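Just so it is clear, the structure is predicted and the values come from calculations on it, not from any experiment. Sequence lines set the chain letters: A, B, ... in the order given, protein chains first and strands last, and positions in each chain run from 1.
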Protein chains: 2
Amino acid sequence: MATLPKVRKAELAPSKKAGGAVAVMSKQDTDVTDQGADEDASLRVHAAWEAIRDDILSGNLAPSTRLRISMLNKKYSIGASPLREALSRLVSENLVVAVDRRGFMVTPMSVSDFRDLTNMRKLLEKEALRLSFQHGGERWEADLVAAFYRMGRVQERLDAGDPSTLAEWEVLNREYHDKLVSACGSEWLMRTRENVYVCAERYRRICLSIRNVPRDVTKEHKQILDAAIDRDVPKVHKLIDEHLERTFQKVAESGKLPN
Amino acid sequence: MATLPKVRKAELAPSKKAGGAVAVMSKQDTDVTDQGADEDASLRVHAAWEAIRDDILSGNLAPSTRLRISMLNKKYSIGASPLREALSRLVSENLVVAVDRRGFMVTPMSVSDFRDLTNMRKLLEKEALRLSFQHGGERWEADLVAAFYRMGRVQERLDAGDPSTLAEWEVLNREYHDKLVSACGSEWLMRTRENVYVCAERYRRICLSIRNVPRDVTKEHKQILDAAIDRDVPKVHKLIDEHLERTFQKVAESGKLPN
DNA sequence: GCTGGTCATTTTATCGATAAAAAAAGGTTT
DNA sequence: AAACCTTTTTTTATCGATAAAATGACCAGC
C-alpha cells in the first residue's frame, strides 16, 4: 500500500527536460506556443487560455472586469467547456478570480497587492539568483551576456521614443531575467517565480507608461550582469531589491492604482 | 487606457477578509467546506476537485496513475466537464500533470522532487516565520500555544500505537504549522506556501509510515514554539531547516521512492 | 523475429442543450 | 420612497452526444 509503483512514466510524458543538453532553439521560428513539447495549439482550451491571458496582461481586459461565458464565447468563438477549463487554470495562476455560481472576473489590481507581489518576487528572485550563481557555468555566462546586449538594443529604441517596441521590450526584458535564474536547478522555484513574474506584468506595464524620471534601466541591468559574472551574491541581492523596489515605487506613486 | 476603473468590486466578491477582526470561529461546526464564504459544496466541480485531491493525498490514487475521464466518471458519478475543470485546477496545483490530447495523471513522486520541494518549503516557511514574528501579537501567541497543546495530545495517542489517529494528526500538525505563519501578513506568501505544503503531504505520509527511529516530534515543536515566543528568528530558522530536513532524510532513506 | 502498416477500439476534446440559480425589472403596500 | 414580493431575463453549471486523435490488435513482408 505505501510502496510506490516502480516508475511507469514515459508512456504519458514524452518530455525530455534537457538536463545537460545545450538547447540551441532559434525562437521566433514559426510563431508562438511550441516551447518544450506537449503544448498543442490546436486545442480550444489552449487557445482560450492564451487569448484570455494575453488580453488580461495587455490590459485589454481591465482589472475587475467580469468574464461572462457568453461574452467570451462571442469574443473568441470558443464553447463553454474549454472556456471554463481555461478560466479555472487562470484562477490557479492568480490572473482570474472565481466565485461559485457567480462566475469569473479579472483579478483586481491594487497597490497593496503589488507591494505583496514585489516582496514575494524579491524573495524568489534572490534565492534563484543565489542558486544560479552556484550552478551556472561558462555557457550560462555567455548566454547572459548575449541576453543583456539584446535587451540594451531594444532599450535604446524605446528610449528614442518608439512605442511600437513595447511588446518586444517586455519579451527581451523577460528573457534577460529568465536567463539570470535559469541555472538555479530548482523546478519548484522556477515554476513559482514564473507565476509571480507573470502576475507582475500588468503592473510593469503601468511602470512603462510613466515617462517622467528617466530611470536608466540598462545601467541597472549592467550592474546586475557584472555582479553575476563575479558571483557576488550580496551585491546582486542588493541590486535586485533596488531594481524591483524602484518599479514598485514608480507604480505606487503614479496614482493609477486604488489603495 | 492605462488608468484603472475606480473599484467596482463588491458586486462579485462578498468576501470580508477580516483585517483586524478577531474571527472567533468555532470550527467543526456543521461539517466541512464552509470556511470563508464563496465555496459551494453542491457544485460538481468542487466535489470532483476535493474527491480527487483527497484520493491523491491519501495515496488512494497512487503517483503516476492515469486519470481517465471515463474511470473518474464511474468512480465519482460526475460528468466530463466538471471533471476536466477540477483536473485543470489540480494541474496548476501540481498534484496532477496533463499532456495535451493524452489526458491526465497523478503527479509522480521522486526523491529529487521531494528534495526540491523541501528546499522550497524551507525558503517560504522561514520567510513567513520571520514576518509572522514581526507582526504577531499576543492573540497570535495564545493561539499558537493552544495549537501546540492540541498537537501534543494527538501525538501521544499516535505514539501509543493507535493508527486511527493518523488523519487527525495530519490535521493538527497542519494547524500548528499554519498558525506559526498565520501572522505573516502576505497573501502571496501564504497562498504559495499552502500549495507547497499540500504537495508535501504525500511525502509526509511516507515519513509517518516509517516507525524505526523514534523521532521526538513534540520536542521539535516545543523548541519551535519557544523560539516563536522569544521572537528568535535565527533560532527558528535553524529549527525549521532541521525539522524539514529530518523528514526529507527519513523519506529519502526509506527506499520507497524512485530516484 | 522484428518492422511497418491497416483496422478496431478506446479516450480525449468539444459542442449544443438544459435545469437551476442569480440578477434585474416591476408592481404593491405601507 | 423604502422595503418587500413576483415575474422575467440572464447567466452559470452540468449533462449527453460526437468528431478527431491516440492506442492497441492483427497481419504481412523482409
Would you mind reading off the distance between Ile69(A) atom CD1 and dG16(C) atom P, rounded to a whole angstrom?
-> 15 Å
Spacing between Arg44(A) atom CZ and dA21(D) atom P, to the nearest angstrom | 13 Å
What parts of residues 74-92 of chain A reach DNA chain D, counting only heavy atoms under 4.0 Å away?
-> Arg84(A)
Ionic contact status for Arg102(A) with Asp40(B), cut-off 4.0 Å | no
Between Arg174(B) and Glu194(B), does at least one N-O distance fall below 4.0 Å, as a salt bridge requires?
-> yes
Do Lys179(A) and Glu175(A) sit within salt-bridge range, that is, some charged N less than 4.0 Å from a carboxylate O?
-> no
Verify the contact: side-chain N or O of Arg68(B) to OP1 or OP2 of dT11(C), cut-off strictly under 4.0 Å; return yes or no.
-> yes
Whole angstrom value for the distance that separates P of dG16(D) from CG of Asn73(B) | 9 Å
Nearest-angstrom distance from the residue atom CG of Leu72(B) to P of dT14(D) | 16 Å
Kindly indicate, with the supporting measurements, whether the criterion salt bridge (charged side-chain N to carboxylate O under 4.0 Å, His left out) is fulfilled by Asp116(B) and Arg191(A).
-> CA-CA 12 Å; Asp116(B) 193 9; Arg191(A) 256 204 304 270; 5.8 Å; no
Nearest of dT11(C), dA22(D), dA22(C) to any side-chain atom of Ser70(B)?
-> dT11(C)
Nearest-Å distance for atom pair CZ/C1', residues Phe104(B) and dT11(C) = 12 Å
NE2 of His46(B) versus C1' of dT14(D): gap in Å, rounded?
-> 17 Å
Closest listed nucleotide, where the reference is the side chain of Val45(A) and the choices are dT14(D), dA22(C), dT14(C) | dT14(C)
Atom-to-atom span, CZ of Arg66(B) to P of dG24(D) - whole angstrom | 8 Å
Between Phe248(A) and Phe114(A), how do the two ring planes meet: parallel, tilted or perpendicular, split at 30° and 60°?
-> tilted
Would you check if the side chain of Thr165(A) reaches a backbone N or O of Glu168(A) as a donor-acceptor pair within less than 3.5 Å?
-> no
When you get a sec, tell me which of dT12(C), dC15(C), dT23(D) is the closest nucleotide to the side chain of Arg102(B)?
-> dT23(D)
Atom pair distance, as rounded to whole Å: CG in Asp40(B) and P in dA20(C) | 15 Å
Which distance, rounded to the nearest 0.5 Å, do you find between the CE of Met120(A) and the CZ of Arg115(A)?
-> 14.0 Å
